[in-house]
Amino acid sequence: MSIQLYNTLSRRKDPLAPRDPKNVRMYVCGPTVYDFAHVGNARPVVVFDVLYRLLRHEFGEDHVTYVRNITDVEDKIIAAAKERDEPIDGLTARTTQAYHEDMAAIGTMEPTHEPRATDHIPQMIAMTERLIERGHAYAAEGHVLFSVPSMPEYGRLSRLNRQELIDGARVDVAPYKRDPADFVLWKPSTPEQPGWDSPWGRGRPGWHIECSAMSAEILGEHFDIHGGGQDLIFPHHENELAQSVCAQMTAPDSGQPFANIWMHNGYVVANGEKMSKSLGNFFTVRQLLEEGVRGEVIRLALLSAHYRQPLDITREKLVEMKAQLDRFYIALGHVADVPLSDVALPEDMLAALSDDLNTPEALAVLHELASDLNKAAAPAEKARLKGALLGAGQLLGLLQADPEVWFKGTAAGGLDEAEIESRIAARIAARKAKDFAEADRIRDELVAERIILEDRPDGTTDWRRK
RNA sequence: GGCCCGGUGGCAGAGUGGUUAUGCAGGGGCCUGCAAAGCCUCGUACGUCGGUUCGAUUCCGGCCCGGGCCUCCA
């Protein structure tokens with residue numbers, strides 16, 4: 001099935017035509033590790049995780065290379081370390097680990113490669129030197145700047161022209177810039193700031209060069225998909241594109257694109273405004289997890305809207321997502337004893353995801369499968385639908401938990417299983433004795449403990465935590 | 001100021017030039033000792049004003065409203 005993806009560069013859906021179907025290559029901008037990931041940061045991770053799963057299904061598990069970097073040198077890191085009086089290494093290591101834990105909790109697979117900026121300083125220096133040699137960059141007062149006027153195509157991705165950038169500038173132009181639109185590739189470090197020796201003195205890279213250097217190193221100078229949040233379109237991706245194209249070793253100036261398709265997910269919003277650290281209107285994945293919101297609930301919420309649309313994560317939405325997952329797991333729990341049949345993924349599921357990752361449509365398919373499963377009577381039909389639901393869920397990174405664990409897993413402060421089972425036994429005895437008042441009393445007690453009972457036709461009683 | 005997105009039923013959220021999105025919540029029914037779960041069923045939505053069309057929520061234009069970007073940001 002042909003995969004169509006909305007390309008920020010062309011502003012339309014373009015068919016994905018990998019340069020090498022045996023090695024489909026995707027680069028997604030990862031975190032700058034100075035603080036916990038908020039829900040907005042988690043969105044691209046989940047979105048591109050679904051794309052990664054789709055690509056692996058389409059081209060084969062061994063034929064997709066997914067790179068997501070860790071930016072561990074950046075001025076915000078320096079500032080955060082200073083503010084907390086914590087060594088930079090400790091801060092970045094701790095934050096990276098928390099990031100890994102949080103992203104695993106929301107069901108994301110690990111990328112094929114996760115390069116760190118600080119491991120690629122020589123490559124960044126080499127790329128910067130090449131840009132100077134080619135007249136696309138110049139050194140000034142310990143800085144190296146990319147010369148925007150040297151690249152006529154600059155601004156194509158963000159659809160901003162140089163004059164507009166200058167007119168709309170919100171910051172003062174540094175005096176060493178030849179052109180107000182020029183941006184930093186390398187900047188000097190004071191003795192207390194992290195720095196590396198370079199032809200321009202001890203310093204550190206600018207914000208954009210690490211992705212150019214690392215993508216070229218791992219994926220090569222031309223690859224298939226480059227992704228990130230919409231807020232990276234400008235300046236980060238525009239500048240990255242400029243550097244990468246101008247520094248290409250193979251076929252320089254050939255007009256060959258750096259990445260064929262640029263994808264950008266929409267913002268997570270709060271009360272209609274973009275969630276961001278600078279506005280302070282964010283909550284972290286970790287906070288939600290600690291409040292008892294399950295990772296899968298957060299994941300479903302992030303997939304509940306199309307990835308390019310704004311997404312408001314509210315308490316109400318999280319409650320609804322939990323209810324939706326309960327519906328799936330109840331359906332799966334009812335066929336727990338049905339052997340899993342190995343079936344092809346539903347075509348309409350693949351069609352939905354192949355159409356620019358239409359996850360709401362894919363979720364509708366999932367719900368239809370659950371309804372069909374609930375209605376199925378024949379064992380073969382149950383097995384087929386169970387397999388289809390689990391397979392389709394796997395493509396979205398959902399429904400992979402054991403229903404028993406989903407419903408009966410430990411609840412902090414809740415009744416333990418033995419206690420619940422003993423009360424259920426007492427209730428069954430009361431029902432057998434037609435003492436329904438007692439049976440209902442026990443059930444009401446359990447409901448107060450957030451335990452829901454479900455009497456089965458065979459006389460047994462199943463339960464789940466609400 | 002320039003450039004982008006959006007405005008769909010109570011809520012969330014896809015989509016389409018004419019025919020059911022889907023889910024949550026709600027009403028009715030079946031099932032059940034009663035529930036739960038499930039099944040059946042109901043509500044008749046597309047900001048606004050024009051235009052194109054046999055027919056527009058869907059295409060075009062104006063307007064109103066909301067959000068974003070214009071070198072911190074996923």
Side-chain angles (χ1 to χ4, degrees), chain A residues 8 11 28-32 37-48 74-76 79 148 155 158-161 163-171 173-174 180-184 206-208 227-236 238-239 264-269 272-279 282 300-301 304-306 308-312 314 316-317 319-324 326-328 330-331 333-334 352 355 358-368 370-371 373-375 431 434-437 439-440 443-444 447 452-457 461-464 466:
Chain A
T8 305
R11 310 277 160 146
V28 175
C29 287
T32 300
H38 68 237
V39 182
N41 298 317
R43 189 175 192 188
V45 184
V46 169
V47 165
F48 290 104
E74 217 269 341
D75 286 6
K76 285 196 294 293
V148 167
S158 57
R159 307 244 161 144
L160 293 169
N161 69 47
Q163 195 54 50
E164 284 165 357
L165 294 178
I166 295 166
D167 292 346
R170 294 178 297 190
V171 296
V173 175
D182 292 350
F183 58 89
V184 169
W207 174 34
H208 318 294
Q230 278 174 356
D231 45 1
L232 295 183
I233 296 173
F234 190 88
H236 185 56
E238 189 72 60
N239 292 353
H264 295 94
N265 63 275
Y267 300 122
V268 171
V269 300
E273 275 191 316
K274 174 186 172 187
M275 179 181 286
S276 75
K277 289 187 178 167
S278 51
L279 287 174
F282 63 91
L300 181 59
S304 67
H306 182 84
R308 283 190 282 116
Q309 294 301 122
L311 175 64
D312 203 345
T314 59
E316 297 72 40
K317 180 168 286 181
V319 168
E320 186 190 329
M321 294 304 117
K322 170 66 164 56
Q324 289 198 26
D326 283 350
R327 176 174 188 260
F328 290 126
I330 287 169
H334 286 169
D355 181 13
N358 191 336
T359 54
E361 186 77 42
L363 291 169
V365 173
L366 224 52
H367 275 108
E368 281 158 14
S371 293
L373 179 58
N374 283 332
K375 280 180 264 189
R431 289 182 72 213
K434 304 279 187 213
D435 184 355
F436 295 119
D440 291 351
R443 183 171 59 200
D444 290 346
V447 167
I452 308 293
L453 300 187
E454 197 173 316
D455 294 332
R456 310 303 301 274
T461 295
D462 201 4
W463 62 274
R464 65 175 186 275
K466 194 176 175 183

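Because only heavy atoms are used, hydrogens play no part in the values below, and waters and symmetry mates are left out as well, while side chains stay in. Note that the structure is predicted; figures quoted are calculated from it, not measured.
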Position toward the 5' end of RNA chain B (nearest nucleotide), Arg431(A) or Ala305(A):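 Nearer the 5' end of the strand: Ala305(A).
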
Closest-nucleotide ordering on RNA chain B, the 5'-leading residue of Ala181(A) and Ala42(A):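 Comparing both residues, the 5'-ward one is Ala181(A).
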
Would you indicate what [X] reaches in the nucleic acid, counting non-hydrogen atoms under 4.0 angstrom: base, sugar-phosphate, or nothing?
| X | answer |
| --- | --- |
| Ser276(A) | base |
| Ala37(A) | nothing |
| Gly40(A) | base |
| Met275(A) | base |
| Val268(A) | base |

[N] versus [M] - spacing of their [atom1] atoms, nearest Å:
| N | M | atom1 | value |
| --- | --- | --- | --- |
| G2(B) | A45(B) | P | 38 Å |
| G13(B) | G6(B) | C1' | 14 Å |
| U57(B) | U48(B) | P | 10 Å |
| C40(B) | C24(B) | P | 13 Å |
| C46(B) | U8(B) | C1' | 4 Å |
| C60(B) | G66(B) | P | 24 Å |
| U22(B) | G18(B) | C1' | 22 Å |
| U58(B) | A74(B) | C1' | 32 Å |

Distance check needed: [N] [atom2] versus [X] [atom1], whole Å only.
| X | N | atom1 | atom2 | value |
| --- | --- | --- | --- | --- |
| Asn358(A) | U16(B) | CG | C1' | 13 Å |
| His367(A) | A25(B) | NE2 | P | 10 Å |
| Leu232(A) | C72(B) | CG | P | 13 Å |
| Arg159(A) | G2(B) | CZ | P | 18 Å |
| Asp355(A) | A14(B) | CG | C1' | 11 Å |
| Lys277(A) | C72(B) | NZ | C1' | 11 Å |
| His306(A) | G13(B) | NE2 | P | 13 Å |
| Leu311(A) | A14(B) | CG | C1' | 14 Å |

Those residues that, when tested against Asp326(A), pass side chain to side chain donor-acceptor pair (under 3.5 Å) (two or more places apart):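 Asp326(A) satisfies side chain to side chain donor-acceptor pair (under 3.5 Å) with Lys322(A), Trp406(A) once adjacent residues are dropped.
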
Pairing residues for His38(A) by the side chain to side chain donor-acceptor pair (under 3.5 Å) criterion, not counting sequence neighbours: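 Partners of His38(A) under the side chain to side chain donor-acceptor pair (under 3.5 Å) test: Asn41(A).
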
Under 3.5 Å donor-acceptor pair, Arg443(A) side-chain atoms to A35(B) base atoms: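 Check passes, donor-acceptor contact within cut-off.
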
Check: Asp231(A) side chain, G68(B) base, donor-acceptor under 3.5 Å: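 Flag unset: no donor-acceptor pair detected.
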
Rounded to the nearest 0.5 Å, what's the gap from [atom1] on [X] to [atom2] on [Y]? Could you check?
| X | Y | atom1 | atom2 | answer |
| --- | --- | --- | --- | --- |
| Phe328(A) | His367(A) | CZ | NE2 | 3.5 Å |
| Asp231(A) | Tyr267(A) | CG | OH | 4.5 Å |
| Ser158(A) | His264(A) | OG | NE2 | 9.5 Å |
| Glu238(A) | Leu232(A) | CD | CG | 12.5 Å |
| Leu363(A) | Met321(A) | CG | CE | 8.0 Å |
| His334(A) | Leu373(A) | NE2 | CG | 10.0 Å |

Min side-chain heavy-atom separation [X]-[Y] under 4.5 Å:
| X | Y | answer |
| --- | --- | --- |
| Leu311(A) | Lys317(A) | yes |
| Arg11(A) | Arg159(A) | yes |
| Met275(A) | Val39(A) | yes |
| Asn358(A) | Pro360(A) | yes |
| Val148(A) | Phe183(A) | yes |
| Glu454(A) | Trp463(A) | no |

Nearest heavy-atom neighbours spanning Ala331(A) and Asn374(A):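 Shortest heavy-atom contact: CB-OD1, 3.5 Å.
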
Bracket string, RNA chain B, 5' to 3' - pairs by Watson-Crick or G-U geometry under 3.5 Å, | interstrand: (((((((..(((.....[...))).(((((.......)))))....(((((..]....))))))))))))....

Nucleotide nearest [X] (side chain, heavy atoms from C-beta), chosen from [options]:
| X | options | result |
| --- | --- | --- |
| Pro360(A) | G13(B), C24(B), U22(B) | G13(B) |
| Gln324(A) | G33(B), G23(B), A21(B) | G23(B) |
| Glu273(A) | G68(B), C3(B), U71(B) | G68(B) |

Base-contact (B) and sugar-phosphate-only (S) positions in nucleotides 36-42 of chain B, heavy-atom cut-off under 4.0 Å, - elsewhere: BSSSS--

Interface polar pairs with nucleotides 5-11 of chain B, N/O, under 3.5 angstrom:
none

Pick out the pairs of N or O atoms, protein on one side and nucleotides 64-66 of chain B on the other, that lie under 3.5 Å.
none

No-hydrogen, no-angle side-chain donor-acceptor test under 3.5 Å, Thr461(A) and Arg443(A):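 Distance-only check fails for Thr461(A) and Arg443(A).
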
Whether His208(A) and His236(A) hold their rings parallel, tilted or perpendicular, with breakpoints at 30° and 60°: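 The arrangement is tilted - the two ring planes meet at 30° to 60°.
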
N/O (side chain, Lys274(A)) to phosphate O (OP1/OP2, C69(B)) under 4.0 Å: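 For Lys274(A), the contact criterion (side-chain N or O under 4.0 Å from OP1 or OP2 of C69(B)) is met.
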
